[in-house]
Peer 1: 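Following this message is one structure expressed as structure tokens.
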Amino acid sequence: MSAADTTGEVRTTGGTATAGAAATAGATAAPALRAEGLRRTFGAFVAVDDVAITLRPGRVTALIGPNGAGKSTVINLLAGTLIPTAGQVRIADVRVEGLRAEEVALRGLARTFQTPKLYEGMTVLDMVMLARDRFGRASFLEIALSLPRTRRDRQASRAAAMAHLERVGLGHQADRLATSLPVGSQRLVDVARALASEPDVLLLDEPAAGLDHTETHELTDLIRAIAGEGLAVLLVEHDMRMVMSVADDVVVLDRGRLLAGGTPEEVAANPAVIEAYLGTVAA
Amino acid sequence: MSDLAQYVLSGLSAGCVFALVALGFVVVANVTGVYNFAQGDYVMVGGMIMVATQTAGWPLVLGVLMSAVAVALVALVQERTTVAPVRRRVGMLGLVIASLGFGIVLRGLALLIWDKDPLSLPSFHDGTFGLFGARLDDQTWFIWGTTLVVLLGVVGLFRFTITGKAMRACASNPTAARLLGIRTGRMSMSAFVLAGAISGTLGAMIVPVSGVSWDSGITVGLVGFIAAALAGFEHPGRAVLAGLGLGVVQSVGAGVISSEYRDAIVYMTLIVFLLGRDLFDADGAIRRVIAARATKRTRRPRRVVSRAPQVAVAASHDGPRFTWRMGVPVVALLLLACAPFVLESGSQELSSATFVVLAAIAATGLGLVMGLAGQFSLGQAAFVLVGGYTVAILTTKHGWDPTAALLAGMVLSVVGGGLIGAMTLRLQGFNLAIATLAIHLTLLVVVSQADFTGGALGLVGLPTLTLFGIDLTDPSDFYWAAIVVLVLCLWLARNISGSRIGQALRAVGQDEDGARSMGINPFRLKLVVFVVSAGMAGLAGGLWAYSLQFAAPANWDFTLTISLVTYVIVGGIGSVYGGLIGAVVVGGLEYWIRYHATSGLEGASLQWELIMYGLLLVVFVLFFKDGLARAFKADSLSGGLDRLRRRRDGAGATGPPGGDLTSAAGTTGAVR
Ligand SMILES: Nc1ncnc2c1ncn2[C@@H]1O[C@H](COP(=O)(O)OP(=O)(O)OP(=O)(O)O)[C@@H](O)[C@H]1O
Ligand SMILES: [Mg+2]
């Protein structure tokens, strides 16, 4: 087996101390993802307007805003699921707007969906293995002829997927059909799947919705650990307590436009933010 | 000048038919979201009924009325039986295939009732008239008039009436429409009835000009579909314009280039259109090249190497663990291989059995395309034809070695499949089906006209097959060779289906956005599967030519595509073995009908075969989606195989919790 062969076992977790260190270092590091002037319209409706976001390695950036503010749309624009009407997105200084989602994904971006994607007839492990698809080394011919490398690929993919599932605490559910899990666990499967593709940039769309108190706590730790490994994380979340405890930066979106940005403390004290939230749902 | 005027103006009459068929497609698609492939056959039925009424001495007006009403009724029956009861259970693909099946039943019934020969009628009004130097039959007025009235009526309906607006709302958002109190069921019924009445009327009008025969609906339907596709299935006006345009293109092409190639010219228009769209569309090649330039991607910085440190992979059970399920296909294939012991060598039965095996090879490929890639191809027989003719041309005209010619046929099919796939698989919908069908029909026109393919008589005098030095002159030996090829193809299909490619395609089939976000490229995977399928078809075609020892257009015409689609659907679209099971069961039944149910005259049983195929398609696609494979519980394209695999590979991940440590430590060597 060559050294490049894919196998399981995720990188060791950094722990909170390193995470903190990485975050401070990351404040000045080159951005992993930078978007400028993002705009997206649906017909006459402007869902996202002139949004700029910078994600740096080792830092968690929270994107908050009332329902319908355009947070998921921003994620879709960054990930290539939607094409921006205007604006630029760079990953590691390469422009990616206009590329298809799969091409953006192969450039090191992973995302979860607000409604977890589930595939009928697939187990939790199958679903996470999908994210390992790209690491398969066997060529199409080898696959068609079922040469040994195909099986090695599959075993490596399975082991890696399993490791990532264990990381989100779902190792024991690997063989269950994903559709039979409670929605909270489904979200965690999505997180495991995003991690399994070993991204540089991770976009999480409300990963804590549907999780109970302990699970939310574990997820918070997990996100911190992930950032500690040098990933740039964008977290869309309504749970302000979680945002406050995990985010290094907070960006506030309201009706498609940037309302405020800064450290969690600054944003929490910003009257415009409070107004925007109280104007819709009290948070 | 007057020549051109003649071509253009007479083209307009044919164009009116295409236009109104296209309009029918648009009306039904707008309201129900279904592409109704029986639309062309409506025109045929309308014409037949017109002939019947005139033979019975009815007045003209009554005849036309009768045609309209009768076809509207036929459409109503179709809607009530194959659309309404199953809309929510069966996907788009299923509904479209069911409409195809319904159309085939109509063709079979027409053949049964009105027989094979084309029928015609005198003009409604004797005489001709001059226009821009062209001389036209008075019947033209009736056709133009009908088209204009119908078009105005439909546009008015959609634009200005509440019913029309409600009908459109049904297609764009059925749930919302229902919440608004629109009765979607009734709207769907109205759409079918309307489309039926339009086609019936026009079918009656057109008989004096173009005649009518049981299969005249195929071309009309296809060209109408092309026109509707050009209009995006949305704009009635544009569909009509496209239909008229195609009629003119066809007629001018026939006059200026060659009348034999007139249909081929229309089909090539579609290919050019698809090609253009592939290049210039928002997602098209040219746009992507520009985007690539703009983003300065010279080399792809893809992350495809895992950063994770290497650890030992556990492999607990090595070697397959047999279950009785895995044995089913093996036993079935062994039984199939015994045919030469039962059937006399050189008998008609054995050659029929050989054709069943060859069809099973092509159907196995088609099954991958439909079941795994989720694409509908209506041109699998085109690749069979390419394989067959390549073999025939290379061996009879150029003296090639039989094995080399066989491989060349396969390679040509693969290349052709790659080109068609590259053009059509990027877009969703039924582009692949239409493009492959158009190419097949074009090829059929070409091979029955061109000299190098021997024209309608075809090429005869092929050598017997000597494959890699093994002489397969004896029909039994040939049969076994075909079985070996079939087994190889099934093995390939099984490997692909159970691989990460298979899993990724299943994910794409369920949620394309989700799959893409994981870096899965749907286009590439579909293309790969389509190319493999084309290769299988080409191989089957080559063998077919050797088995028949001649190549003629009728060997591999549209009927073969219908058969192959039916095999896959009846056998089970979700199973690797679906094509095989379907070929054996349905193909066997077909040959049984041919030998026993009728006097045995070749072709005399065609109507029964058509009716059988049509009914099987409708019934299976709507009510037994999993096909016969379900009954055999054969390896499923949708997960079953992978479950098996997992058990077999048995990585520590899914093994018993306690076994992890030991297996990780103990079996590392086995992996290396
Ligand atoms: N495909 C679409 N077509 C039309 N409008 C859309 C589409 N997607 C989103 N929108 C609109 O854009 C706005 C922003 O939606 P988005 O889903 O981004 O909000 P969000 O901030 O994620 O809200 P939530 O907190 O509820 O998830 C909403 O008004 C939504 O209706
Ligand atoms: Mg959202």
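A note on names: the letters A, B, ... follow the listed sequences, proteins ahead of strands, and every chain is numbered from 1.
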Peer 1: Checking heavy atoms, do the side chain of A:Arg193, its backbone, both or neither come under 4.5 Å from chain B?
Peer 2: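 Contact with chain B is through the side chain of A:Arg193 alone.
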
Peer 1: Tell me whether B:Asp513 is salt-bridged to B:Arg516, with the criterion being a basic N under 4.0 Å from an acidic carboxylate O.
Peer 2: no

Peer 1: Run the side-chain donor-acceptor check on residues 485-493 of chain B: report pairs under 3.5 Å with partners two or more places apart or on a different chain.
Peer 2:
none

Peer 1: Non-hydrogen contacts under 4.5 angstrom with chain B: give the residues of residues 79-88 of chain A involved, or none if there are none.
Peer 2: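 The stretch touches chain B at A:Thr81.
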
Peer 1: So A:Leu125 and A:Met162, side-chain contact (heavy atoms from CB on, under 4.5 Å) or not? Walk me through it.
Peer 2: CA-CA 7 Å; A:Leu125 187 63; A:Met162 196 60 204; 4.0 Å; yes

Peer 1: Between A:Arg137 and A:Asp153, is there a side-chain N and carboxylate O pair less than 4.0 Å apart?
Peer 2: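 No, no charged N to carboxylate O under 4.0 Å.
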
Peer 1: What do the steps show when you test B:Leu93 against B:Ile573 for side-chain contact (heavy atoms from CB on, under 4.5 Å), and what is the final call?
Peer 2: CA-CA 11 Å; B:Leu93 182 65; B:Ile573 198 172; 4.3 Å; yes

Peer 1: Apply the test side-chain contact (heavy atoms from CB on, under 4.5 Å) to residues A:Ser197 and A:Arg134: give CA-CA distance (whole Å), side-chain angles for both, the deciding distance (0.1 Å), then the verdict.
Peer 2: CA-CA 8 Å; A:Ser197 69; A:Arg134 67 179 74 181; 3.6 Å; yes

Peer 1: A:Tyr119 versus chain B, heavy atoms under 4.5 Å apart: side chain, backbone, both or neither?
Peer 2: both

Peer 1: Do the side chains of A:Glu198 and A:Arg132 get close enough for a salt bridge, i.e. N-O under 4.0 angstrom?
Peer 2: yes

